[in-house]
Undergrad: 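The structure follows.
We name chains A, B, ... by the order of the sequence lines, and we start the count at 1 in each one. These numbers come from a predicted model, not from an experiment. Hydrogens, waters and symmetry mates play no part in the numbers below; they use all other heavy atoms, side chains included.
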Amino acid sequence: MVDGAGGSIGQRLGRDFFARDPDVVAYDLVGSIMSVRDADGLVAVRIVETEAYGGADDAASHAFAGPTDRCRVMFGPAGHLYVYRVYGVHWCVNVVTGIEASASAVLVRAATYLGPQTSNPVQPPRPSLRGPGNLTRALGVTGADNGSDCCSTTSRILFHAGSSDADRPEVSVSGRVGVSRNALRPSRYYATGHRDVSRFVAGRARGEGIAKTHPTA
DNA sequence: CCGCCGATCCTCT
DNA sequence: GAGGATCGGCGGG
């Protein structure tokens with residue numbers, strides 16, 4: 001169990017959590033915890049923004065044209081990471097969702113830095129995790145993590161529930177950021193008003209605040 | 001606040 | 001050969 005400035009970390013999220021509709025998973029991941037282990041130890045962040053992709057009708061999804069070398073992981077079982085390079089510069093990290101071969105995933109777009117905790121009163125500066133490229137850079141997530149399982153106790157990268165329902169923020173929904181096709185699909189979920197939600201690049205996200213309810217509600 | 005731009009390189013057509 | 005599931009910097013209103 002790991003503690004961070006945002007509270008203790010709850011139970012690890014298992015395969016069943018991810019083997020659901022990507023929009024439901026994307027909604028539920030807002031407010032939950034992602035942890036990354038490396039040689040220096042374990043770092044935890046609280047997710048504040050996600051985006052759902054996939055389904056047969058989603059022209060914005062990398063999987064839309066069928067399995068390719070890049071997106072093949074999306075066609076595999078849920079609970080594995082899909083990491084790809086964007087604009088030749090940044091990495092983006094997704095978790096595969098849904099039933100196998102449904103080729104759906106959730107992009108982790110932004111988070112708040114929680115740990116590591118130190119007894120030193122002088123805390124290290126908190127890196128910005130605002131935006132998918134900033135998040136992967138700060139956490140050291142790269143293409144080497146593509147395809148890796150994130151549901152095993154031995155996994156380098158894991159997801160956890162928040163410690164309590166009180167941690168669950170109000171969630172807003174909007175169209176998606178930075179895509180040209182199917183951009184209006186309301187599949188971007190974010191903690192309402194949170195300072196670490198990504199800024200809108202490549203044009204503002206459209207359809208802001210069109211829903212504030214759980215996708216299945 | 002808003003929009004444009006370059007960096008940089010891989011993927012798919 | 002075109003176009004990115006991005007970002008930081010710059011300039012204008």
Undergrad: Just jot down the side chain to side chain contact (heavy atoms under 4.5 Å, CB included) partners of A/Val89, sequence neighbours excluded, or say none.
TA: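 Side chain to side chain contact (heavy atoms under 4.5 Å, CB included) check on A/Val89 returns nothing, list empty.
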Undergrad: Would you kindly give the CZ-to-P distance between A/Phe64 and C/dA5, to the nearest whole Å?
TA: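 After rounding, the gap between these two atoms is 14 Å.
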Undergrad: With sequence neighbours left out, what residues match A/Arg37 under salt bridge (charged side-chain N to carboxylate O under 4.0 Å, His left out)?
TA: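 With neighbours one apart ignored, the set is empty.
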Undergrad: Among all residues two or more places apart in sequence or in another chain, which pass the salt bridge (charged side-chain N to carboxylate O under 4.0 Å, His left out) test with A/Asp69?
TA: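 Result, salt bridge (charged side-chain N to carboxylate O under 4.0 Å, His left out) vs A/Asp69: A/Arg72.
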Undergrad: Taking only residues at least two apart or on different chains, which pairs with a member in residues 129-155 of chain A satisfy ring pair (Phe, Tyr, Trp, His ring centres under 6.0 Å)?
TA: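 Non-adjacent pairs meeting ring pair (Phe, Tyr, Trp, His ring centres under 6.0 Å): zero.
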Undergrad: Could you summarise the pairing of DNA chain C as dot-bracket text, marking Watson-Crick and G-U pairs under 3.5 Å with ( ) or [ ] inside the strand and | across strands?
TA: ||||.|||||||.
Undergrad: Enumerate the residue pairs fulfilling salt bridge (charged side-chain N to carboxylate O under 4.0 Å, His left out) with a member in residues 87-97 of chain A, sequence neighbours excluded, ordered by first and then second residue.
TA: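 Applying salt bridge (charged side-chain N to carboxylate O under 4.0 Å, His left out) to every pair that reaches into residues 87-97 of chain A, excluding sequence neighbours, yields nothing.
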Undergrad: Does C/dT6 have OP1 or OP2 under 4.0 Å away from a side-chain N or O of A/Arg109?
TA: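 Yes, such a contact exists.
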Undergrad: Over all strands shown, is A/Val89 touching base, sugar-phosphate only, or nothing at heavy-atom distances under 4.0 angstrom?
TA: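 Base contact.
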Undergrad: Can you see if the side chain of A/Ser180 gets near the phosphate of C/dG3 - specifically, an N or O under 4.0 Å from OP1 or OP2?
TA: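 For C/dG3, OP1/OP2 do not have a side-chain N/O of A/Ser180 under 4.0 Å.
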Undergrad: Does OP1 or OP2 of C/dG8 have a side-chain N or O of A/Asn134 closer than 4.0 Å?
TA: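 Indeed, a polar side-chain atom of A/Asn134 lies that close.
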Undergrad: Would you indicate, yes or no, if C/dG8 has its OP1 or OP2 atom less than 4.0 angstrom from a side-chain nitrogen or oxygen of A/Arg137?
TA: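 For A/Arg137, the contact criterion (side-chain N or O under 4.0 Å from OP1 or OP2 of C/dG8) is met.
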Undergrad: Ignoring hydrogens and geometry beyond distance, is the side chain of A/Tyr84 in donor-acceptor contact with the base of C/dA5 at under 3.5 Å?
TA: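 Under the 3.5 Å cut-off, the side chain and the base do form a donor-acceptor pair.
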Undergrad: Going by the rule side chain to side chain contact (heavy atoms under 4.5 Å, CB included), which residues pair with A/Thr50 if we only count those two or more places apart in sequence or in a different chain?
TA: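 In terms of side chain to side chain contact (heavy atoms under 4.5 Å, CB included), with neighbours along the sequence ignored, A/Thr50 is linked to A/Ala26, A/Leu29, A/Val30, A/Ile47, A/Val106, A/Tyr189.
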Undergrad: Would you say A/Val197 and A/Arg109 make side-chain contact, with heavy atoms under 4.5 Å?
TA: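 Side chain of A/Val197 against side chain of A/Arg109, heavy atoms only: no contact under 4.5 Å found.
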Undergrad: Atom CZ of A/Arg130 and atom P of C/dA5: how far apart are they, to the nearest Å?
TA: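 Going from A/Arg130 (CZ) to C/dA5 (P), I get 21 Å.
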Undergrad: Would a 4.5 Å heavy-atom cut-off, applied to side chains only, mark A/Arg20 and A/Asp28 as touching?
TA: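 Yes - at least one pair of side-chain heavy atoms lies under 4.5 Å apart.
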Undergrad: Residues two or more places apart in sequence or in another chain: which of them pass salt bridge (charged side-chain N to carboxylate O under 4.0 Å, His left out) with A/Asp38?
TA: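 Checked A/Asp38 against salt bridge (charged side-chain N to carboxylate O under 4.0 Å, His left out); zero matches.
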Undergrad: Could you tell me the separation between the OH atom of A/Tyr87 and the C1' atom of B/dC9, rounded to a whole number of Å?
TA: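 Checked: the OH to C1' distance equals 13 Å.
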Undergrad: Provide, to the nearest angstrom, the distance between the CE atom belonging to A/Met74 and the C1' atom belonging to C/dA5.
TA: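 Checked: the CE to C1' distance equals 10 Å.
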Undergrad: Can you name the atoms? Protein N/O to nucleotides 10-13 of chain B N/O, anything below 3.5 Å, with the distance.
TA:
| unit_1 | atom_1 | unit_2 | atom_2 | d |
| --- | --- | --- | --- | --- |
| B/dC12 | OP1 | A/Thr68 | OG1 | 2.0 |

Undergrad: Please report the distance, rounded to the nearest Å, between NE2 in A/His90 and P in B/dG6.
TA: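 It works out to 16 Å between those atoms.
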